[in-house]
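Below is one structure; the comments refer to it alone.
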Amino acid sequence: AASGSDLIRATLFPGDGIGPEIAESVKQVFKAADVPIEWEEHYVGQEVDPRTQSFLTWESLESVRRNKVGLKGPMATPIGKGHRSLNLTLRKELNLYANVRPCYSLPGYKTRYDDVNLITIRENTEGEYSGLEHQVVRGVVESLKIITRQASLRVAEYAFHYAKTHGRDRVSAIHKANIMQKTDGLFLKCCREVAEKYPEIKYEEVVIDNCCMMLVKNPALFDVLVMPNLYGDIISDLCAGLIGGLGLTPSCNIGEGGIALAEAVHGSAPDIAGKNLANPTALTLSAVTMLRHLELHDKADRIQNAILNTIAEGKYRTADLGGSSSTTDFTKAIIDHL
Ligand code: ATP
Ligand code: MG
């Protein structure tokens, strides 16, 4: 076990709905695996904090900035006017510029493919999500897609660095530069510039429509994919579908200054909240991406293998995977497989 002094502090947002139940699973699994992490738990506030204009408090954001690593459960933004959504607040305040989603087939959980092993890296700050929409004249509206050299280079650099440090040998830039000549053209130009600095990594450019066709035909064709915001939103969900869906897929947000905020892809699942039915796999695998970011690869492998082996064994599975185990029994099974 780690002595108190080498404990790494990490922020934990259990979140809403099924969040607290699955966050509890992560805490138990980490404890059983002797992961040297001390959680600093933060909850979404009851009222708007004027310093953040959202239900997330300034203290929570400071906690992530200080610790540089964190895990976030699903958060349902309270309805009402005069505040920013929780996810938007996190993204803007922490400058979370890249969303990384590892996507690999889970052995023993049968889908149409058993050889998916790819990473999508989505630019997270601009593109079609600039929020700049207006009406030009009645019946005509305009939405601005912003692509900057700075943000494109930053996400491309992250993608190549990721490929290099994770033993991957190819980066594919996904685009529609034949139509979006200026915007996607600039994005590609930046990717090419970065590619030149990484001669050991193969670089290719794939038009998004063709990419979709290739992904559903043979996902094993891809390794690391990097793309502008909207394409990333769509392609990463497509990839999640290839391996079994929302309860399984992890993600991690990378921010300025080395911040990593891991989060499950799914929402707060109000239909099953508080019933001990949720699948903690996605959040736990997200926590594993956080461990990899911290280069705690032994712990990450151990936990990832325990999850995969539990699912492969098939004795304990939650309802979304066709089983009848509760969250807590499934969690116990993971701990037994550590
Ligand atoms: P939100 O508004 O927070 O996104 P939602 O109603 O969209 O909530 P999701 O969380 O996106 O719900 O989930 C969609 C469906 O997938 C729901 O039926 C939910 O029960 C199921 N689901 C999502 N996550 C999990 C999970 N971890 N385990 C089991 N089922 C899940
Ligand atoms: Mg949802």
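Note that ligands are numbered from 1 as they come in the structure, with each ligand's atoms numbered from 1 the same way. Numbers for residues simply follow the sequence, beginning at 1. Keep in mind that what you see is a predicted model, and the values were worked out from it rather than measured. All values below were derived from every heavy atom in this structure, side-chain atoms included, with hydrogens, water molecules and symmetry-related copies excluded.
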Which label fits Trp39 and Phe30: parallel for a plane angle under 30°, tilted from 30 to 60°, or perpendicular past 60°? tilted
Shortest non-hydrogen contact from Ile174 to Pro228? O-CD, 3.4 Å
With the threshold set at 4.0 Å, does a side-chain nitrogen-carboxylate oxygen contact exist between Lys189 and Glu193? yes
For Asn279, the ligand 1 atoms whose distance to one of its heavy atoms is below 4.0 Å: 26 (C), 27 (N), 28 (N), 29 (C)
Give the C-alpha distance, both sets of side-chain angles, the deciding distance and a yes or no for side chain to side chain contact (heavy atoms under 4.5 Å, CB included) between Leu285 and Ile303. CA-CA 8 Å; Leu285 288 177; Ile303 295 171; over 6 Å; no
Does even one non-hydrogen atom of Pro74 get within less than 4.0 Å of ligand 1? no
Proximal atoms of ligand 1 relative to His266 (non-hydrogen, under 4.0 Å): 23 (C), 24 (N), 27 (N)
Any idea which atoms of ligand 1 are less than 4.0 Å away from a heavy-atom of Ile272? 20 (O), 29 (C), 30 (N)
Side chain, backbone, both or neither: which part of Ala264 comes within less than 4.0 Å of ligand 1 when only heavy atoms are counted? neither
Go through ligand 1 atom by atom and flag the ones less than 4.0 Å from a non-hydrogen atom of Gly267. 1 (P), 3 (O), 4 (O), 9 (P), 10 (O), 11 (O)
Identify, by atom number and element, the atoms of ligand 1 in contact range of Ile18, meaning under 4.0 Å from any of its heavy atoms. 26 (C), 27 (N)
Parallel, tilted or perpendicular: ring planes of Tyr158 versus His161, cut at 30 and 60 degrees: tilted
Salt bridge check, Arg65 against Glu62: does any charged N sit closer than 4.0 Å to a carboxylate O? yes
